[in-house]
Each structure stands twice: as C-alpha cells, then as structure tokens.
Amino acid sequence: MKTSMLALCALLAGVQSSCAPQGRTDVPAPVGANAEQEVLALSRDKWRWMSERKVDTLAALFDDEAVFVHMGGTMTRAQELDVIRSGMIQYKQAEIQEASVRFVGSTAIVLNRIRLTAIVGGNEVVNPFVVTEVYVRQNDRWTLGSLSFTRLLTPP
C-alpha cells in the first residue's frame, strides 16, 4: 500500500521528490543495477506485442488490477485484452520518439513520447501521444499496472 500511494503521489504531482517521505529507507529499491534498461526494454517489447496482437504474452504482463486510459474511455485488463484480440484497435506501429523512466520504490513510471499508427473502427489514424506506463515489481518480475494515453496538440 505504501508503494502504491507513493506511485500515485508521483503521478499526480509530477515530481516524485516532493511526495516521497524524506529520510525513509523501508521502501525497497528496484531490483538490479540495470532496472532502467530492463523496464525500458519491457516497454518497447510491450508495444511490439500489442502490434503483433500477442494477447497471451500481454496477459502475463498486465496485472489483474491494471487500468488502461484511452482517448475514448477507461478499460480494465480484460477489456483491453479483448480490444486487442478482436482487432477493435489494431496497433500498427508505435514510433517511440523519447522514453524515460523514474523509480518510486519498486514502482517504475515510464513516459514514452510516441507517434502511434493504429486502425480504430476500420480507419487508420496517426496520433502523437505521451503514454504513461506504471510498472510494479512483484515476485521478482515487472507487471504493468497502468497505461494512459495523453494526446498531444502537435501534429503527428
């Protein structure tokens, strides 16, 4: 619960240092020295799996309580997987233009600036987004807890 609150605080405030308790040492650090590279690689893989519609692989990555925020609404894990499986949204290509990760305890917050090409309702669309991905380290592996799309006002 402490880790979840820290992650939420970091997302809402946009600055993790203003929310993190000062002088606390009981929050676990990310596992391994290469945590940043590991999480960024997992994020890149996730985009590929979405475009390839690898629903079983994504199901293993998505936490049971994960939430997905799109331009048209919010979805549960099951709804997101169904949308990908059915092809209601076909992620053709996510061109990652910029990626960064911050850690709050055992939670990783990834920001991806992307140009997303997708087929939605039978129409191909191209949109610029900043996508916020929240990963939580549980049982020695990363799971995706949240994926939120924020459309940018700049042209794709």
Side-chain angles (χ1 to χ4, degrees), residues 1-17 19-20 27-71 73-120 126-152 156:
M1 184 69 171
K2 289 179 186 175
T3 301
S4 298
M5 290 304 295
L6 288 174
L8 178 60
C9 188
L11 284 174
L12 294 175
V15 179
Q16 68 187 32
S17 62
C19 296
V27 178
V31 176
N34 297 320
E36 182 176 340
Q37 292 80 13
E38 181 183 358
V39 172
L40 290 173
L42 183 58
S43 175
R44 283 190 304 271
D45 289 344
K46 176 216 19 80
W47 289 115
R48 188 180 77 251
W49 298 333
M50 290 172 83
S51 70
E52 295 171 355
R53 294 167 68 181
K54 292 190 172 184
V55 176
D56 292 338
T57 305
L58 291 167
L61 174 64
F62 297 169
D63 189 86
D64 289 344
E65 298 300 319
V67 294
F68 300 84
V69 181
H70 293 270
M71 290 188 335
T74 302
M75 293 187 228
T76 65
R77 175 185 184 269
Q79 290 169 324
E80 180 76 10
L81 292 170
D82 285 344
V83 162
I84 295 168
R85 182 182 296 109
S86 70
M88 285 176 46
I89 298 176
Q90 296 175 33
Y91 297 94
K92 289 182 70 176
Q93 181 186 17
E95 176 190 327
I96 300 171
Q97 298 169 332
E98 189 177 329
S100 65
V101 63
R102 291 183 183 200
F103 293 95
V104 180
S106 59
T107 300
I109 303 167
V110 175
L111 296 178
N112 279 313
R113 188 170 160 269
I114 67 169
R115 181 178 182 269
L116 180 64
T117 305
I119 298 176
V120 181
V126 179
N127 284 299
F129 290 106
V130 169
V131 181
T132 304
E133 303 170 36
V134 179
Y135 293 88
V136 180
R137 185 114 180 136
Q138 302 179 98
N139 301 320
D140 292 326
R141 70 181 197 93
W142 293 104
T143 60
L144 181 74
S146 178
L147 180 75
S148 299
F149 291 84
T150 303
R151 189 177 187 286
L152 300 175

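Side chains are part of it too, since the values below use all heavy atoms of this structure and drop only hydrogens, waters and symmetry mates. This one's a predicted model, so the numbers in the text were calculated from it and none came from an experiment. All residue numbers refer to positions in the sequence shown, counting from 1.
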Please give me the minimum heavy-atom distance between [X] and [Y], naming the atom from each residue.
X	Y	answer
Asp82	Arg85	OD1-NH1, 2.6 Å
Phe103	Ala108	CE2-CB, 3.6 Å
Lys46	Leu144	CD-CD2, 4.4 Å
Ser43	Asn112	OG-ND2, 2.9 Å

Can you tell if the side chain of [X] reaches within under 4.5 Å of the side chain of [Y], non-hydrogen atoms only?
X	Y	result
Thr57	Glu52	no
Val101	Tyr135	no
Lys92	Ser51	no
Glu133	Trp47	yes

Problem set entry | Chi angles and distances behind the side-chain contact (heavy atoms from CB on, under 4.5 Å) call for Leu42, Leu61 | CA-CA 9 Å; Leu42 183 58; Leu61 174 64; 3.7 Å; yes
Separation between [atom1] of [X] and [atom2] of [Y], rounded to the nearest 0.5 Å:
X	Y	atom1	atom2	result
Glu95	Leu116	CD	CG	10.5 Å
Thr132	Leu111	OG1	CG	5.0 Å
Ser146	Asp63	OG	CG	11.0 Å
Phe68	Ser148	CZ	OG	9.5 Å
Phe129	Thr150	CZ	OG1	9.0 Å
Thr117	Gln93	OG1	CD	5.5 Å

For this session: Carefully, step by step, assess Arg77 and Asp64 under the rule side-chain contact (heavy atoms from CB on, under 4.5 Å).
Result: CA-CA 6 Å; Arg77 175 185 184 269; Asp64 289 344; 3.8 Å; yes
Problem set entry | Residues, nucleotides or ligands: over 12 heavy atoms within 6.0 Å of Glu65 CD |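 Not more than 12 within 6.0 Å, no.
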Problem set entry | Geometric class of the His70/Phe149 ring pair [parallel <30°, tilted 30-60°, perpendicular >60°] |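 Correct class here is parallel.
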Problem set entry | Qualifying residue for side-chain contact (heavy atoms from CB on, under 4.5 Å) with Met75, from Val83, Leu81, Val69 | Val83
For this session: Taking side chain to side chain donor-acceptor pair (under 3.5 Å) as the test, write out the residues that go with Arg113, two or more places apart.
Result: Gln97
Exercise. Hey, mind stepping through Gln90 and Arg53 against side-chain contact (heavy atoms from CB on, under 4.5 Å) and telling me if it holds?
Worked result: CA-CA 8 Å; Gln90 296 175 33; Arg53 294 167 68 181; 4.2 Å; yes
For this session: List the steps, then state whether side-chain contact (heavy atoms from CB on, under 4.5 Å) holds for Ile84 with Glu80.
Result: CA-CA 6 Å; Ile84 295 168; Glu80 180 76 10; 4.0 Å; yes
